Amino acid sequence: MATTVTAPERKVSAAEAREVAEAAREQEWAAPSFVRDLFLGKLRMELIHPYPEPAPDDAERARPFLEQLERFLRDKVDSDRIDREGEIPDEVIEGLRELGAFGIKIPREYGGLGLSQLSYMKAIELVSSVDGSLTALLSAHQSIGVPQPLKMFGTEQQKQRYLPRLAKGAISAFALTEPGVGSDPAALETMAVPSEDGAAWILNGEKLWCTNGTRAEIIVVIARTPSKFVNGRERRQITAFIVETDWPGVKVEHRCHFMGLKAMYNGVMRFTNVRVPQENVLWEVGKGLKLGLTTLNTGRLTLPISSVAAGKRCLEIAREWASTRVQWGQPIGKHDAIAQKIGTMTANTFAMEAVAELCGAMADRGGYDIRLEAAIAKLYNSEAGWRIIDDTVQIRGGRGYETADSLRARGEKPVPVERIMRDFRINLIFEGSSEIMHLFIAREAVDRHLQVAGDVVLPGKTFGQRLRGLVRAGLFYAWWYPSRWLGWSYWPRYAGFGPLARHIRYVERGSRRLARSVFHAMLRFGPKLEYRQAVLFRLVDAAAAREVPGTVAERRRADLPGGPGSLGRRAPVVGTGDGGAGVKVGRLEGDVGQSERAPDVFRPVARAGPASSDASSTSRSGLWPSSLMRSSRSVT
C-alpha cells in the first residue's frame with residue numbers, strides 16, 4: 001500500500017498546537033537542574049561536584065556483561081556485511097538475546113540485568129563503535145521502546161506480563177510519527193475510541209518511521225482519544241497503548257530504507273480496528289504525550305553516547321592515517337592544517353564524553369530534573385560528532401569517500417569512514433532534530449520568565465490578566481535586573497560554551513527587551529514616576545551595556561573546582577577497521593592542560609596527576625603531547 005504525506009482531517013491552529021505541547025510538558029521543576037539554574041544566573045556546583053560516581057556494585061555487576069559484549073562484537077559482527085546486505089543476521093540477534101542485551105535496564109526481578117543508565121550507555125558505546133544498525137535495534141527497544149515507559153509508568157500487572165518477555169529478547173518499538181505529523185503531535189490522526197462494551201479501545205491509523213516496527217512483537221502506540229471539553233473549548237487527548245503486533249488488524253505496510261543504517265528495521269505500520277484491552281492503557285488516558293516526553297529525558301542519552309563512540313572511532317582512524325600517510329616528505333599529521341583538525345577532534349571528543357557521562361550519572365543518582373541536560377547533550381554531541389566525522393573524511397581524502405568494500409577489493413585496509421558518515425547523519429534528526437532541540441531548550445530556559453510575565457506576552461489573555469501580569473512582571477524585573485547589574489549572576493554571559501552560551505544570550509536579550517517593555521508600560525500607567533523611570537532605565541541600560549574588565553582567566557572565580565568527567569574511567573570502544581576481522585579497542589586517556597579560553601566549570605577534570613607542561617612531548621605518532629591522548633590497549 002502506498003503511503004503519502006496526507007493532510008490532517010482538521011487543520012490544527014498554532015494556538016491549539018501550542019496548547020497541546022504546553023499541556024504535555026512537565027509543568028513543575030520538582031527537582032533541581034544544573035542547566036536551568038545556569039540560565040537563571042545561578043552556578044550550583046554542588047549539583048555536579050563531586051562528580052556523581054556510579055555505585056561500586058553496579059560497576060562490578062556490569063563488568064562481566066560488558067566484557068562478554070565486547071568479545072561478541074569483535075568475533076561475531078561483520079558490519080560491512082550488515083551494511084551490504086541490509087540485514088542483521090539472525091545469529092547476531094540471537095547472540096544478543098543470550099547475552100541479555102535486550103534487558104540491560106530491566107530490573108532483575110523481571111528477568112533483566114538490572115544495570116544502571118550509565119552501564120547501559122557504556123554498552124551502547126561499545127555497540128555504536130561497531131555498527132549503527134545494531135545501535136538502532138537495541139536503543140529503540142530500550143530507550144524509547146516498551147521497557148522504559150513500562151518501567152516508569154506501567155502497573156504491576158503490566159510489568160509482570162511484559163517485562164520478562166522483553167528481557168528475553170522480544171523486540172519492542174515506539175510509534176508516534178505519522179505521514180502528516182512530525183514534531184507537531186497536536187495533529188495526530190491515529191485514533192482510539194472506546195468499544196461498545198467499554199472493555200477495550202478500537203485503534204485505527206497509520207504510523208510512519210517506526211524503528212524496529214518490522215520486527216517488533218510489542219509496540220507503544222501514541223494515539224488520539226476522544227477530546228474533553230473544558231469551559232466550552234476542546235482539549236485534545238493523547239494516550240499511550242501497549243499493542244502486540246500479532247493482534248488482528250496490525251500490519252506492516254512497508255519497510256523503509258535510508259541513506260545509512262541499512263539494516264535498521266524501520267517501517268510503516270497500519271492499525272485497522274485493532275482491539276486494545278483497557279488494561280493495556282499505559283499510565284492514564286490523556287497522558288500519552290507527556291509519557292513520551294518524560295521517557296525521552298533519559299532516552300535521548302543514547303544519541304550523545306553513540307556520538308562519543310563515533311568520535312573515538314574517527315579519532316583512531318584519523319590519527320593512524322595522519323601518522324602513516326606521507327606527503328611532502330613527512331607524515332601529514334605534522335602539517336599544521338591536519339594537526340589543527342585532529343587537535344580540535346580530540347578536544348571535542350573529550351567534551352562529548354564528559355557531557356554524556358555526567359548526564360547518565362545524574363540520571364542514576366536521582367534527585368535531578370535532567371530534561372535540559374539531556375536535550376543539550378543530544379544537541380551538542382550530535383552536532384560535534386558530525387563535525388568530527390566530516391573532518392575524518394577530509395583527512396582521509398579520497399579514501400574517506402571510498403567504500404570499505406571497494407578499498408578491500410583493491411588491497412587496502414577497509415576503513416569504513418564512508419559508512420560511518422552515512423550512518424551518523426540521522427543523529428541530527430533522531431529523537432528531536434537540532435532545530436526542535438533549540439526550541440525545546442529555549443522554552444524550558446525561559447520558563448521562569450513566562451511564569452512571571454507570560455500573561456503579558458502570551459496570546460489569548462484578557463485585559464485584566466495582562467494588567468495584573470504587568471504589575472507582577474514589573475515588580476519582579478525591578479528586583480531581577482538591578483541584582484544582575486550588581487554582578488552576582490553576571491558570569492554566564494562570558495561562558496563561551498558554544499550552543500549553551502548562545503541560548504543564554506538569546507534568553508537574556510529577550511528578557512531585557514521584555515523587561516524594558518514591561519517597565520515602560522507600567523510607568524506609563526502611574527502618574528509622576530519620572531524619577532523611578534530614570535532610575536530603573538539607568539539600571540537596565542547599565543546591565544545591558546556593562547563590560548567586565550580583564551581577561552576571561554582574570555574573571556574566573558578562583559575557588560571554582562573542575563567540572564565533570566574523569567578520563568581514567570572511560571569504557572573501551574571496539575573498532576572495526578576491516579569489517580570485523582581485526583578489531584582494536586581504544587579509549588581516551590591522560591591529562592588535559594588548562595585552557596585560558598574556557599571557564600573552569602566547563603573543563604572536565606583530568607586524571608590524578610599534573611598536566612604535562614612539555615608542549616613538545618609527543619607520542620610515537622609524532623602528533624600529540626603524550627599526556628593528551630594515547631591508546632590504552634589493542635586487541636587484534
Side-chain angles (χ1 to χ4, degrees), residues 31 33-35 47-70 73 99-108 112-129 135 138-139 141-144 147-148 151-152 167 295-312 349-378 380-381 431 563-574 585 587-589 604-605 607 632:
S33 167
F34 176 77
V35 172
L47 295 180
I48 63 171
H49 185 84
Y51 189 86
E53 295 283 353
D57 62 330
D58 178 74
E60 287 300 318
R61 288 195 298 107
R63 183 176 293 110
F65 166 70
L66 293 175
E67 290 174 352
Q68 293 175 40
L69 179 62
E70 180 184 329
L73 294 170
L99 288 174
F102 287 92
I104 298 175
K105 293 191 293 180
I106 294 176
R108 284 179 286 181
L113 299 181
L115 299 181
S116 65
Q117 175 69 26
L118 195 56
S119 295
Y120 165 75
M121 291 169 63
K122 290 181 183 297
I124 291 297
E125 185 179 7
L126 280 170
V127 174
S128 299
S129 68
T135 300
L138 291 175
S139 64
H141 167 75
Q142 294 177 90
S143 291
I144 59 174
Q148 186 68 13
K151 189 172 70 171
M152 296 174 67
T295 300
L296 280 175
N297 286 343
T298 54
R300 278 199 184 98
L301 296 180
T302 297
L303 292 182
I305 201 64
S306 64
S307 300
V308 172
K312 288 182 181 181
T349 302
F350 183 93
M352 288 158 58
E353 188 167 38
V355 167
E357 288 200 359
L358 175 65
C359 290
M362 294 172 82
D364 284 335
R365 176 185 280 187
Y368 296 96
D369 188 323
I370 64 167
R371 70 184 90 162
L372 276 170
E373 284 82 354
I376 286 177
K378 190 273 177 185
Y380 176 76
N381 283 21
E431 296 182 19
S566 174
L567 287 183
R569 298 175 295 98
R570 301 311 186 215
V573 169
V574 181
V585 180
R587 61 183 176 188
L588 297 181
E589 277 195 337
V605 176
R607 285 201 308 176
S632 62

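Everything numeric in this text was worked out from a predicted model, so none of it was measured.
Residues meeting the salt bridge (Lys or Arg N to Asp or Glu O under 4.0 Å) test with Arg63, sequence neighbours left out: Glu60. With sequence neighbours excluded, the residues that form a side-chain contact (heavy atoms from CB on, under 4.5 Å) with Ser143 are Tyr120, Ser139, Thr302. Looking at residues two or more places apart in sequence or on another chain, you find a side-chain contact (heavy atoms from CB on, under 4.5 Å) between Ala167 and Ile106. With sequence neighbours excluded, the residues forming a salt bridge (Lys or Arg N to Asp or Glu O under 4.0 Å) with Arg371 are Asp369, Glu444, listed by chain and number. Annotation: side-chain contact (heavy atoms from CB on, under 4.5 Å) contacts of Ala59 (sequence neighbours excluded): none. With sequence neighbours excluded, the residues satisfying side-chain contact (heavy atoms from CB on, under 4.5 Å) with Leu115 are Asp58, Arg61, Ala62, Phe65, Ile104, Leu113, Ser119.
Within the 3.5 Å criterion, the main-chain N or O of Met352 finds a donor-acceptor partner in the side chain of Asn381. Counting only distance, with no hydrogens or angles, the side chain of Tyr368 and the backbone of Leu47 share a donor-acceptor pair below 3.5 Å. Using a distance-only test at 3.5 Å, with no hydrogens or angles considered, no donor-acceptor pair links the side chain of Glu373 to the main chain of Ser33. Side chain of Ser129 to main chain of Leu126: a donor-acceptor pair is present (N/O by atom type, distance under 3.5 Å, no hydrogens or angles).
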Practice item. Show the numbers, then the answer: is there a side-chain contact (heavy atoms from CB on, under 4.5 Å) between Lys105 and Gln117? Key: CA-CA 7 Å; Lys105 293 191 293 180; Gln117 175 69 26; 2.9 Å; yes
Check your understanding: Could you walk me through whether Gln148 and Ile144 pass the side-chain contact (heavy atoms from CB on, under 4.5 Å) check?
Key -> CA-CA 6 Å; Gln148 186 68 13; Ile144 59 174; over 6 Å; no
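Summarising the geometry of Met121 relative to Gly360, their closest heavy-atom pair is SD-CA, 3.6 Å, with the distance given to 0.1 Å.
Rounding to the nearest 0.5 Å gives a distance of 4.5 Å between CD of Glu125 and CD1 of Ile305. Taking CZ from Arg300 and OG1 from Thr295, the interatomic distance works out to 10.5 Å, rounded to the nearest 0.5 Å. From Ile370, atom CD1 reaches atom CZ of Arg365 across 13.0 Å, with rounding to the nearest 0.5 Å. Considering CG of Asp364 and SG of Cys359, their distance stands at 11.5 Å, rounded to 0.5 Å.
There is no side-chain donor-acceptor pair under 3.5 Å between Thr135 and Ser306.
At a threshold of 4.5 Å between non-hydrogen side-chain atoms, the residues Leu73 and Val127 count as touching.
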